[in-house]
Peer 1: 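Have a look at this one before I ask anything.
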Amino acid sequence: MAQIFHRSTNILSRLTIYGALFILAGLVWAAYIIYSSPYFTEVNVARQQPVPFSHKHHVSGLGLDCRFCHTSVEESSFAGIPPTETCMTCHSQIWSDSPMLEPVRASYRNNTSLEWTRVYQLPGYAYFNHSIHLNKGIGCSTCHGRVDRMPLTYRENPMQMQWCLDCHRNVERYVRPREDVFKMDYVPPGDQLALGEKLVKEYKIQKLTDCTTCHR
Amino acid sequence: MAWVLLGACRTDMHVQPRYKSLEPSPFFDDGRSARPLVEGTVARGHLRIDEHLYTGKVNGVDVDTFPFPMDRAMLERGRERFNIFCSPCHDRTGSGNGIIPQRGFRHPPSNHIDRLRKAPVGHFFDVITNGFGAMYSFASRIPPRDRWAIVAYIRVLQLSENATMADVPPEARVQLQREGP
């Protein structure tokens with residue numbers, strides 16, 4: 001009986017076996033790109049909010065300090081989203097009949113919570129704490145970017161594990177003097193590494209990379 | 001391979017049956033996971049028996065003393081807190097010309113008028129704690145010790161706004177004269 005496949009088809013089968021490797025690698029690569037793309041990590045995507053609250057307006061425009069609204073950021077793991085009362089401190093008189101602010105007034109009248117769409121939310125199995133980062137000289141803008149330029153809040157960093165670890169392994173590249181952590185326009189000096197190494201010693205910063213630091 | 005693709009799925013451990021701060025709750029009628037206090041109860045560590053420290057009054061009268069000693073660190077703390085919470089309206093010097101009144105909020109009085117310079121410290125504490133006219137209470141935002149630090153700093157501002165050259169220590173006088181006011 002004659003052969004069904006001519007000898008020359010052997011080369012085809014070799015090619016497909018070999019090629020499968022590339023296809024596989026290609027798929028892995030595609031998955032990685034999707035995984036770290038803005039579509040998935042939601043970086044730079046502004047959220048729809050019940051009220052179009054603008055950090056740009058309130059922080060750059062009016063010069064408010066982060067802590068006026070995020071009161072617990074220095075003492076606690078949780079930075080705090082301001083309650084309606086905080087908005088009403090000013091909006092009881094300012095723009096007090098603007099329809100844009102009606103949800104705020106309704107929330108105050110009826111004692112209900114304004115439901116902000118969260119921008120950053122780690123999964124339930126990861127632990128994060130603000131106070132330690134501030135006390136060790138990590139500024140808001142290192143993680144959240146120039147919030148003071150955001151008309152609507154969006155994600156600056158993916159907050160994926162790789163990103164956290166990159167800093168935990170190389171803190172000296174990011175640390176700044178403690179008194180500057182709230183400064184939005186802080187620019188690292190030219191000799192950041194020298195300053196970083198000095199501050200790492202001074203603040204006794206450890207390299208926390210054990211899994212149990214964040215998964216507890 | 002499968003692991004990488006599955007890594008992209010958000011399931012199971014991602015959503016755990018516990019509440020992170022302020023997460024909404026389907027369990028309670030008002031949908032809040034942060035529960036308000038049950039009436040008639042006091043959270044641990046929040047018992048307010050020291051009237052002086054927590055109300056700025058003794059037997060209903062504003063006190064004119066601080067409930068704990070004020071040192072330099074406390075004043076620095078007071079300055080920081082004043083600049084965060086009060087300066088948007090009262091201005092960094094306490095003049096009352098902050099940016100918010102400039103945008104249409106009611107103008108607060110200057111802290112340097114006679115009435116307020118003579119007011120006892122308990123009055124300032126009371127204003128921060130309970131609000132005053134158009135000004136809202138800051139009790140939930142500023143803990144009592146910080147409120148006292150702010151009051152002490154207001155006293156410092158009142159002193160500095162009405163200071164004369166005689167109040168400046170001799171070492172500092174030369175520098176002041178060189179730099180001008």
Side-chain angles (χ1 to χ4, degrees), chain A residues 24-25 27-32 34-36 40 57-58 61-72 74-83 85-96 108 110-116 118 121-128 160-161 179 182 215, chain B residues 1-25 28-34 36 76-77 80-89 91-92 98-107 131 133-143 146:
Chain A
L24 208 75
L27 275 173
V28 171
W29 177 78
Y32 178 77
I34 295 172
Y35 190 59
S36 49
F40 195 77
H57 211 129
H58 290 85
L62 302 172
L64 294 183
D65 191 289
C66 310
R67 291 164 286 183
F68 192 96
C69 295
H70 303 296
T71 47
S72 59
E74 286 167 297
E75 287 88 25
S76 139
S77 59
F78 184 58
I81 299 290
E85 189 193 359
T86 301
C87 312
M88 289 301 282
T89 302
C90 298
H91 289 293
S92 59
Q93 294 200 2
I94 286 177
W95 287 36
S96 53
Y108 193 68
N110 311 330
N111 191 25
T112 50
S113 305
L114 268 176
E115 293 188 11
W116 299 104
R118 287 295 302 269
Q121 184 79 284
L122 292 183
Y125 51 75
Y127 170 79
F128 180 78
Q160 283 170 333
M161 182 163 121
E179 54 277 15
F182 292 97
H215 304 293
Chain B
M1 173 72 199
W3 185 82
V4 173
L5 288 182
L6 282 177
C9 304
R10 311 248 125 184
T11 46
D12 294 355
M13 305 274 285
H14 200 81
V15 182
Q16 299 186 2
R18 69 184 171 89
Y19 292 120
K20 289 204 163 188
S21 312
L22 300 190
E23 211 175 285
S25 158
F28 297 104
D29 284 343
D30 63 358
R32 298 174 179 177
S33 64
E76 299 274 356
R77 174 88 184 166
E80 187 187 85
R81 299 291 121 175
F82 183 90
N83 288 342
I84 296 171
F85 290 107
C86 317
S87 70
C89 296
D91 180 70
R92 289 200 169 212
I99 183 145
I100 305 299
Q102 288 171 30
R103 301 294 167 94
F105 204 84
R106 186 190 162 98
H107 259 274
M135 176 182 147
Y136 274 41
S137 155
F138 280 79
S140 60
R141 285 171 260 180
I142 312 178
D146 280 351

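Just so we're on the same page: letters track the sequence lines, and every chain starts at 1.
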Peer 1: Quick one: what part of R106(B) sits under 4.5 Å from any heavy atom of chain A, side chain, backbone, both or neither?
Peer 2: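 Both backbone and side chain.
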Peer 1: Which answer fits I100(B), side chain, backbone, both or neither, if we ask what part of it has an atom under 4.5 Å from a heavy atom of chain A?
Peer 2: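 Both parts, backbone and side chain.
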Peer 1: Side chain, backbone, both or neither: which part of L62(A) has an atom under 4.5 Å from a heavy atom of chain B?
Peer 2: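 For L62(A), heavy atoms of backbone and side chain both lie under 4.5 Å from chain B.
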Peer 1: Side chain, backbone, both or neither: which part of T86(A) has a heavy atom under 4.5 Å from chain B?
Peer 2: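 Contact with chain B is through both the backbone and side chain of T86(A).
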Peer 1: For Q93(A), check side-chain hydrogen bond (donor to acceptor under 3.5 Å, both in side chains) against everything at least two apart and list the hits.
Peer 2: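 Q93(A) satisfies side-chain hydrogen bond (donor to acceptor under 3.5 Å, both in side chains) with no residue once adjacent residues are dropped.
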Peer 1: Any ion pair linking E74(A) and R81(B) (charged N to carboxylate O, less than 4.0 Å)?
Peer 2: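 So R81(B) pairs with E74(A) through a salt bridge.
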Peer 1: Sort E75(A) into side chain, backbone, both or neither according to what part of it lies under 4.5 angstrom from a heavy atom of chain B.
Peer 2: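 Contact with chain B is through the side chain of E75(A) alone.
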Peer 1: Using non-hydrogen atoms and a 4.5 Å limit, figure out which bit of S87(B) sits close to chain A: side chain, backbone, both or neither.
Peer 2: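 For S87(B), neither part sits under 4.5 Å from chain A.
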Peer 1: Using the ring of F182(A) (Phe, Tyr or Trp, six-membered ring only), decide whether R67(A) places NZ or CZ under 6.0 Å from its centre and within 45 degrees of its axis.
Peer 2: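 Yes; both conditions hold, so R67(A) lies above the ring face of F182(A).
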Peer 1: Under the rule for side-chain hydrogen bond (donor to acceptor under 3.5 Å, both in side chains), what residues qualify as partners of D91(B), not counting sequence neighbours?
Peer 2: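 D91(B): side-chain hydrogen bond (donor to acceptor under 3.5 Å, both in side chains) contacts with T93(B), S95(B).
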Peer 1: Please check if atom NE2 in H215(A) has more than 12 non-hydrogen atoms from other residues, nucleotides or ligands closer than 6.0 Å.
Peer 2: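 Result for NE2/H215(A): enclosed.
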